[in-house]
Amino acid sequence: MINGEIAKILREMGMMYEMEDVQFKPRAYEKAAMAVEELSVGASELYKRGGKKALDEIPGIGPAIAAHIEALLKTGCFAEYRRLKKKIPVALDELVAVEGLGPKMVRVLYRELRIRNLKDLERAAKAGKIRKLAHFGVKSEEKILRGIEFLRKSKGRFLLGTILPIVRTIEERLRKVPGVDQVATAGSVRRFQETIGDIDILVTAKKPEAVMKVFTTMPEVEAIIAKGPTKSAVRLRQRVNADVRVLPDESYGAALQYFTGDKAHNIEVRKIAIKKGWKLNEYGLFKGTKLIAGRTEEEIYKKLGLEWIPPELRTASGEIEAAAKGKLPNFIPFGSIRGDCQVQTEWTDGSASITEMAEAARRAGLEYIVITDHTRSLAMTGGLDEKGLARQGKEIDKLNKELGIRNNGFRILKGAEVNILKDGSLDIADDALAKLDVVAVSVHSHFGMSEREMTERIIRALKHPAVNILFHPTGRIIGRREPYKVDIEKVIRAAKQYGVALEANSSPERLDLKDTHIRMAVEAGAKLVVDSDAHSPSHFGFLDFGVAQARRGWATKTDVLNTRPVAEFLKALRGLKKR
DNA sequence: GCCGTTTTCGGCCCGACTGTTTTCAGTCG
């Protein structure tokens, strides 16, 4: 059993205790689930090495949950889970995925209407049965139906952020198979799409049988869909399908090109081949029956008169024309972010201390971070007020003195993620904002405003002379929450006018601004920052997702302020205000 | 059920918002 599955069961335990009105256990299980999810090693590995004691030592996991995990690893279940599940036998994860539905409401729906899953829920809602329940009404019934519809739209797609670690593990495993030469994942994963449908892995190897055997017997495999000499397909426990294809060396580049897509891009590229009287398929570029390119992608694009096009750009939105003219811009390189502009700590809803986050950032190759804990009115995170910010500022000064020497000048900057209130004002007083290095603002409430109201609200905040960055400008959460209604073009123009940088948030479930908005911002001459929205030390790894998004938005290094060293970054940020 | 430079027992992050209600439970993150 893998960490994700253990975490899922622990999370479910928490929800079931919540339905039972048990105190404190829900939070304890929730925390334990998070702890397991964030482990950098497999829990089963940990258990194998150090037994139950090793599990107990994980912060957030004590003797009771360690015993549950032990049982999970040994038998796949444990008694308390079985007992609770029997009481309320519903597909909890499925039902609470509906926006606005939580464990308590699920309990009522089961007790009163015997609703066990999404199908039951939809049927009952459509029949008007839900509005008759106590504490439910027409509005909640409508909201449930809207929630189901939204879920259905995003169904079958997975966040790249959740899939990529699995992909890397599988790639590593295949690389170790004797006789294997090259391993790469194509498709939407290689294109760094926000969400992906399945995993396409390409392998060159002398003995395909060995690859297929390893691939179809991996621990992640739930079912084998197909197994042949050159192609196999499996369903993974994460409910995502994965294909592997074994190819001859001379076709590797052609297959990579063919399976990386997207469809529109491939059609355009193949049209160019046809115009030249050639044929392009997954085995190569052919003149008649003669293979003229196929070993690498570069030689295929070159033969077709194109610059090599980075995978994340292959969306048929101008990249082919630019590549034909040799005029692809110098996209912001991966790994070029020097400082992270959005970092939450345990002062609010982050999981680690300022020091831990700084050290993790330094290990990730960064030179500075901006601490941007939430402010006052975001009470659920324990948002900081002016006094809290002042105390945190002192702490940061102290840490900079200590760490500066030890860490070769690594800098921690003072910042905040200040709430934009309903009327566009900020929830922190001006004199406190003046003491910060970086003031970022964002919307966390009143998502239901009209487009005009929301746009005016945000622009009023941008006009505030202390504001440097607008965080997650559209508020979307991929697959879970639609963006709020806002005229993003107007916001971009206002950001440029008032000297505010726009965030390209790298968190795999936000990616906000999204690629098309980034391109609008770049074209409008507004400046950007790419940051991770880190809430725990491992989150600095998200930066690649944001950089990929920025590349797809045609951003170059100069468009992104935090590609600069700390002094230049601060100077550039201030410079925006003076223009 | 977890945790400990206030505690091995007694605390557990605090409040806004929504939709349902005539005073509040549930969700959000």
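So you know, we letter chains A, B, ... as the sequences are listed, proteins then strands, and number each from 1.
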Expressed in angstrom and rounded to an integer, what is the separation of A:Glu30 atom CD from B:dC13 atom C1'? 14 Å
Assess, by modelled atom type and distance only, whether the side chains of A:Tyr17 and A:Gln23 contain a donor and an acceptor separated by less than 3.5 Å. no
Taking Watson-Crick and G-U wobble pairs with both distances under 3.5 Å, convert DNA chain B into its dot-bracket string, 5' to 3', dots for unpaired and | for cross-strand pairs. ((((....))))..(((((....))))).
Write down the distance between NE2 (A:His68) and C1' (B:dG1), rounded to a whole number of angstrom. 9 Å
Whole angstrom value for the distance that separates C1' of B:dG1 from CG of A:Leu55: 15 Å
Would you kindly give the CD-to-C1' distance between A:Glu57 and B:dC2, to the nearest whole Å? 15 Å
Polar atom pairs (N or O), protein with nucleotides 6-11 of chain B, under 3.5 Å:
none

Between A:Asp21 and A:Tyr17, whichever has its closest DNA chain B nucleotide further toward 5' is A:Tyr17
Determine whether more than 12 heavy atoms belonging to other residues, nucleotides or ligands lie under 6.0 Å from atom NZ of A:Lys104. yes
Using the benzene-type ring in the case of Trp, are the ring centres of A:Phe192 and A:Phe334 under 6.0 Å apart? yes
Whole-Å distance, A:Glu18 CD to B:dG26 P, equals 9 Å
Verdict with supporting geometry, A:Arg476 and A:Leu511, side chain to side chain contact (heavy atoms under 4.5 Å, CB included): CA-CA 8 Å; A:Arg476 71 163 176 172; A:Leu511 295 171; 3.7 Å; yes
Would you indicate what A:Gly448 reaches in the nucleic acid, counting non-hydrogen atoms under 4.0 angstrom: base, sugar-phosphate, or nothing? nothing
Does the side chain of A:Asp512 pick up a donor-acceptor pair with the side chain of A:Asn505 at under 3.5 Å? no
Listed in order of residue number, which residues of residues 120-140 of chain A have a non-hydrogen atom at under 4.0 Å from DNA chain B? A:His135, A:Phe136, A:Gly137, A:Val138, A:Lys139, A:Ser140
Can A:Gln344 and A:Thr372 be counted as having a side-chain donor-acceptor contact under 3.5 angstrom? yes
Do any N or O atoms from the side chain of A:Arg362 and from the backbone of A:Phe410 form a donor-acceptor pair under 3.5 angstrom? no
Can you tell me, in whole Å, how much space there is between the P of B:dG1 and that of B:dT6? 27 Å
Could you check whether A:His444 and A:Asn419, counting side-chain N and O atoms only, form a donor-acceptor pair closer than 3.5 Å? yes
Main-chain N/O of A:Glu356 paired with A:Ser353 side-chain donor or acceptor, under 3.5 Å: yes
Please round to the nearest 0.5 Å and tell me the distance separating atom CG of A:Leu121 and atom CG of A:Leu109. 6.0 Å
Measure NZ/A:Lys31 against P/B:dC2 and give the value in whole Å, please. 11 Å
C1' spacing across the pair B:dT23 / B:dC17, given as an integer number of angstrom: 16 Å
Can you check the A:Asp349 CG to B:dA16 C1' distance for me, whole Å? 16 Å
If you take all heavy atoms of A:Leu389 and A:Gly415, which pair is closest and at what distance? CD2-O, 4.1 Å
Could you give the CG-to-P distance, from A:Leu109 to B:dT20, as a whole number of Å? 13 Å
